[in-house]
Each structure stands twice: as C-alpha cells, then as structure tokens.
Amino acid sequence: MRHLIIIGSGPAGYTAAIYAARANLNPLVIASSVEFGGELMKTTEVENFPGFPEGIMGPELMVRMQQQAERFGAEIVYDDVTALDLTGDVKRVTLGDGSVHEAHAIIYATGSAYRKLGLPDEERLSGYGVSWCATCDGAFFRQKKVAVIGGGDSALEEATFLTRFADVVYLIHRRDSFRASAAMQERAFSDPKIQVIWNNEVKHVYGDEKVTGIGIVNTVDGTETTLDVQGMFVAIGADPRTHLVHGQLELAPEGTIAVQGRSSRTNIPGVFAAGDVIDPSYKQAATAAGSGVVAALDAEHYLAEIADAAKAAAVPA
C-alpha cells in the first residue's frame, strides 16, 4: 500500500512528484511506456520556462525534472495504466503488465493530446517546422513565412501571435467561414500580415530535415497549390486524456476534469488532477508545473487528515 500514485510524467506529474517526494510520501509515478515526459519530449528548444535564460531542449528539461523527483525518492515506472478503480478509501491502478498498485491518494496528470492532421510527414517533421504551440515555438520563425491550420479561436489566436515574428502568416481553413468569436476574427482580418486561405486542406508537408513548404487542396474544385513556408502550426484543438476516468470523475463542459475552485480536488475524495487535463485555456509547461505543486500539496493535506482520523479512531473511548 502506497501513500500516493501519480499518473502522468509531464511537467505537472513530475513537479507533483518532486513536492510529494520531499514531503516523504514516496510517490510512485506511472510514466507511460511510450509517451513518458509529455508533449515537451516532442519539442526542440524551450525558451519560456523560468530559470533557463538561454533556453533548454524540451527532452532535457523533462529528464532534469525526472532526476529531481528521483533524487527525493520518487519511483518511476514505465508502463501504461489500463484500468482505474477510484472508489473507496483505497485506489487501485492496473498496469499493462497486469500488476495492481494500491494507494490512499491519486494525482491524475495525463495531460492532453493535440489533434493532428494525420499526415505521415507531420510526425516526421514535428519539432522541425511542424508545431502545435505558437507561444512555445513562434520565436524561431522571425522574418519567415508560416501557415496556421484551423478556424477556431485557438487558430486565430495562434495566427495573431505569430505576426510578432513571421513576415507572412497564412491562415488556412477548410471551410468558407470561421467558427471563432467575432472579436478574434476582427483582429485577424485587420492584421496585414495574415492572409486567409478559405476552402483548403493541407495534404502534404514538404522538407527533408526542416519544413520547406506545404501542399494544400481546394475543397471546392480540387486544385492543389504549394505554399513556400518554413513553419506549419496545427491548431485544430486538443483533447484531454480522460478516457481512463470516464464514469468516475466529473468533467467540465470543455471535457477537462472538473476541480473545485483553484484546488486540484475532484469529486472523489483522495483523487486530485493537475496540468493540461484540467486546463482548457493556457496549456503551458509553467502553468502545468504550478498545477502539479497544487496537487501535491492538496494530496499531502488529505493524507495527513486521514492519518489523523485513523489515529483518533484507534484511541479507546
């Protein structure tokens, strides 16, 4: 029986592990067999994480977080959670190897997965011109041409942000109107650097080592055009990884896990959530790390409360 199990190994999960381990909770971190380290493992240089004025590579940052958590006593397991039983005072976590781990508290920090276009070269050039985060990677495209794919608020916000760096921002949408808010549309339409391309879908991403262009196809007449761009930002949404807790944890209207106020507490006592899985808006490494701190402290307080209750119950009347 463990005090705490942390599911997820991104900035939220590892930060929670650091704080929990320093509190002598000896947390077990389920880091996944494939996607350990979270989305930062797919990025190149991270320039906006506090404490690294010269920037740091995404994978290196996650390795350092892991090493810091292990230094204080966190145990890391590289496997995937296949089932969760969050009912009762004892929570049960089943892994892919068939083992079952029990704990009094759970921190669920599985993050979110950006939706992808499904193109083979999209994966191959991820981090080499293909990105899902303008605030993370926009500064690498100064005085260059980039494309943003999407038609919602996030796409228009990404395009507007990228005009701070890029000379030209193509905003490509498969329909003839945006679903974004009127305010976001007005901002995008009024920006001289943004060129809207309606009724087009991306079918190809070109480049050997870095993106050199994209092939788009008109959804009305089928004509194909090649755009000379050095970057492609996919902004068609992201889905929080909540499939393991459907039917157990309450979800917010946005599909993220619902928590109480500014805490990490879910609708089940002893179950806490942190990072992008509770965040429909910001999705930054720094905010996820801060959320991990909150979850670790909430879990520590919860474990202290149930320990005190157990001691009180053991004292004869």
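Bear in mind the structure is a predicted one, so any value in this text is a computation, not a measurement. Here, residue 1 is the first one in the sequence, and each next residue gets the next number.
In this structure, E209 places its CD atom where only 12 or fewer heavy-atom neighbours from other residues, nucleotides or ligands lie under 6.0 Å away.
E122 places a side-chain N or O within 3.5 Å of a backbone atom of L117 that can act as its donor or acceptor partner. In this structure, the side chain of D137 does not engage the main chain of S131 through any donor-acceptor pair within 3.5 Å. Between the side chain of R124 and the main chain of G207, a donor-acceptor pair closer than 3.5 Å is present. At distances below 3.5 Å, not a single donor-acceptor pair connects side-chain atoms of T15 with backbone N or O atoms of G292. Of the possible polar contacts, none joining the T256 side chain to the A252 backbone as a donor-acceptor pair under 3.5 Å is found. Side-chain atoms of W132 come within 3.5 Å of backbone N or O of R115 as a donor-acceptor pair. Between the side chain of S99 and the backbone N or O of L95, no donor-acceptor pair lies under 3.5 Å. A donor-acceptor distance shorter than 3.5 angstrom exists from the side chain of N267 to the backbone of Q248, with no hydrogens or angles considered.
Distance CZ/R71 to CZ/R22: 8.5 Å, rounded to 0.5 Å. Between atom CD1 of residue I172 and atom CG of residue N199 there is a gap of 12.0 Å, rounded to the nearest 0.5 Å. With rounding to the nearest 0.5 angstrom, the CG atom of L227 is 10.0 Å from the OH atom of Y206. L84 contributes atom CG, which lies 6.5 Å from atom CD1 of I106 (distance to the nearest 0.5 angstrom). With values rounded to the nearest 0.5 angstrom, L28 atom CG is found 8.5 Å from I6 atom CD1.
Within the structure, side-chain hydrogen bond (donor to acceptor under 3.5 Å, both in side chains) contacts touching residues 145-163 (residues at least two apart or in different chains) are D153-S181, T163-D191.
Each of L4 and Y19 belongs to its own hydrophobic cluster when Ile, Leu, Val, Met, Phe, Trp and Tyr are linked at side-chain heavy-atom distances under 4.5 angstrom.
Taking the six-membered ring for Trp and the full ring otherwise, F141 and F233 have centroids separated by under 6.0 Å.
By the 30° and 60° cut-offs, the orientation of the rings of H3 relative to H104 is tilted. Relative orientation of the F49 and F52 rings is tilted, given thresholds of 30° and 60° on the angle between their planes.
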